Student: 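Before I ask anything, let me first share the structure, which is written out below as structure tokens.
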2 protein chains.
Amino acid sequence: MTSAAAPSRELPHPVRAEIRLEDVLHALSDPVRLRIVCELASDGGELACSHFDLPVTKSTTTHHFRVLRESGVVRQVYRGTAKLSALRREALDDLFPGLLDTLLDAADRQALRLGD
Amino acid sequence: MTSAAAPSRELPHPVRAEIRLEDVLHALSDPVRLRIVCELASDGGELACSHFDLPVTKSTTTHHFRVLRESGVVRQVYRGTAKLSALRREALDDLFPGLLDTLLDAADRQALRLGD
DNA sequence: GTCAAACTACGATGGTTCTCGTACAATGAA
DNA sequence: TTCATTGTACGAGAACCATCGTAGTTTGAC
């Protein structure tokens, strides 16, 4: 019960200028996180953490979403009991033109090549 | 003195089909390695490890080159006392079209943005 | 108020990574 | 053979990371 002020459930995000390529690459170098990003991209909008059927527990899922958020790859907001995540397409495309699309294409190709 | 057989100084590389996107991204998510890759790309050919002026010791440099080689990003061969490294452009461009160029461009932009 | 759903915080654990220093091996030149 | 150059192997330490389980918070529905 935080008296007057705004919703206390605010999540810290790096501003655009703080996003670093190394952090983005590190975030995407984990299979679970790469999968999350691919699903977010193919959906295009906001998805709740619970939407994903990942091979890890809930607390590990929380960890992976935090890494994605803190590296600047996704933006997260609370809505009710859910936490919605969406790709930060604008920021990423502005900082690193073509990178996200090329990366998603690379992931698709590899999925095909290795048999889903 | 290895009796008859071929040069014992052969370095293990993943074949093209074994190269995994996650490993490539992980390899490039370290600042020292990203810098090595950028220099290799701008040179275009083979460079000796000793060519690089990196902020780490020689043994750490060896470590970083091994990560790059084992992830499939560079190919390394011995020539005399030197070990030459070159980007595996063909393999990477074949597996992940456009990825390397987009990544190098992203690194350049970031270097400009953050002031060299 | 009670309850279930969605997510988090915390601590722990086991593995990996980055870093180093020292000692060593391979090569080519003098 | 001796020597300098180039890179490696090995061991170690510190930091980081992915994972989990348990206990807790926040929210909305009943």
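Scope of the values below: all heavy atoms of this structure, side chains included, with no hydrogens, waters or symmetry mates. Reminder, nothing fancy here: chain letters follow the sequence lines and each chain counts from 1. As the structure is a computational prediction, the values presented were derived from the model and not from experiment.
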Student: Would you tabulate the side-chain donor-acceptor contacts of residues 88-98 of chain B under 3.5 Å, counting partners in other chains and residues two or more places apart, or write 'none'?
Tutor:
residue : atom : partner : partner atom : Å
B:R88   : NH1  : B:P14   : O            : 2.8
B:R88   : NH2  : B:P14   : O            : 3.2
B:R89   : NH1  : B:D93   : OD2          : 3.4
B:R89   : NH1  : B:D101  : OD1          : 3.4
B:R89   : NH2  : B:D101  : OD1          : 2.9
B:D94   : OD2  : B:R16   : NH1          : 3.0

Student: Cut-off 3.5 Å, side chains only: do B:T62 and B:S59 have a donor facing an acceptor?
Tutor: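 No, B:S59 and B:T62 have no side-chain donor paired with an acceptor closer than 3.5 Å.
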
Student: If I take atom NE2 in residue A:H64 and atom C1' in nucleotide D:dC16, what distance separates them, rounded to the nearest angstrom?
Tutor: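 The distance from NE2 of A:H64 to C1' of D:dC16 comes to 14 Å, rounded to the nearest Å.
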
Student: Less than 4.0 angstrom between a side-chain N/O of A:T57 and OP1 or OP2 of D:dT19, yes or no?
Tutor: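 No, A:T57 has no side-chain N/O under 4.0 Å of OP1/OP2 on D:dT19.
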
Student: Taking salt bridge (Lys or Arg N to Asp or Glu O under 4.0 Å) as the cut-off, I'd like each qualifying pair that reaches into residues 44-64 of chain B, sequence neighbours left out, listed once.
Tutor: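 Non-adjacent pairs meeting salt bridge (Lys or Arg N to Asp or Glu O under 4.0 Å): B:E46-B:R79.
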
Student: Strictly by salt bridge (Lys or Arg N to Asp or Glu O under 4.0 Å), give each pair with a member in residues 59-68 of chain B just once, sequence neighbours left out.
Tutor: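 Non-adjacent pairs meeting salt bridge (Lys or Arg N to Asp or Glu O under 4.0 Å): zero.
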
Student: Can you check the B:I36 CD1 to C:dC18 P distance for me, whole Å?
Tutor: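 The answer, rounded to whole Å, is 11 Å.
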
Student: Once salt bridge (Lys or Arg N to Asp or Glu O under 4.0 Å) is applied, what residue pairs with a partner in residues 21-30 of chain A remain, sequence neighbours excluded?
Tutor: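 For residues 21-30 of chain A, and leaving out neighbouring residues, the salt bridge (Lys or Arg N to Asp or Glu O under 4.0 Å) pairs sorted by first residue read A:R20-A:E22.
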
Student: Among pairs that include at least one residue of residues 67-77 of chain A, which meet side-chain hydrogen bond (donor to acceptor under 3.5 Å, both in side chains), considering only residues two or more places apart or in two chains?
Tutor: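 Passing the test, one end in residues 67-77 of chain A: A:R69-A:Q76, A:Q76-A:S85.
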
Student: Which parts of nucleotides 1-17 of chain C does protein reach within less than 4.0 Å, heavy atoms only, written one letter per nucleotide 5' to 3' as B for base, S for sugar-phosphate only and - for none?
Tutor: -----SBBB-------S

Student: Between B:E10 (CD) and C:dT27 (P), how many Å, whole number?
Tutor: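 For the pair B:E10 CD and C:dT27 P, the rounded distance is 12 Å.
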
Student: Heavy-atom nearest nucleotide on DNA chain D for A:V32 versus A:R79: which residue maps closer to 5'?
Tutor: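 It is A:V32 whose nearest nucleotide is closer to the 5' end.
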
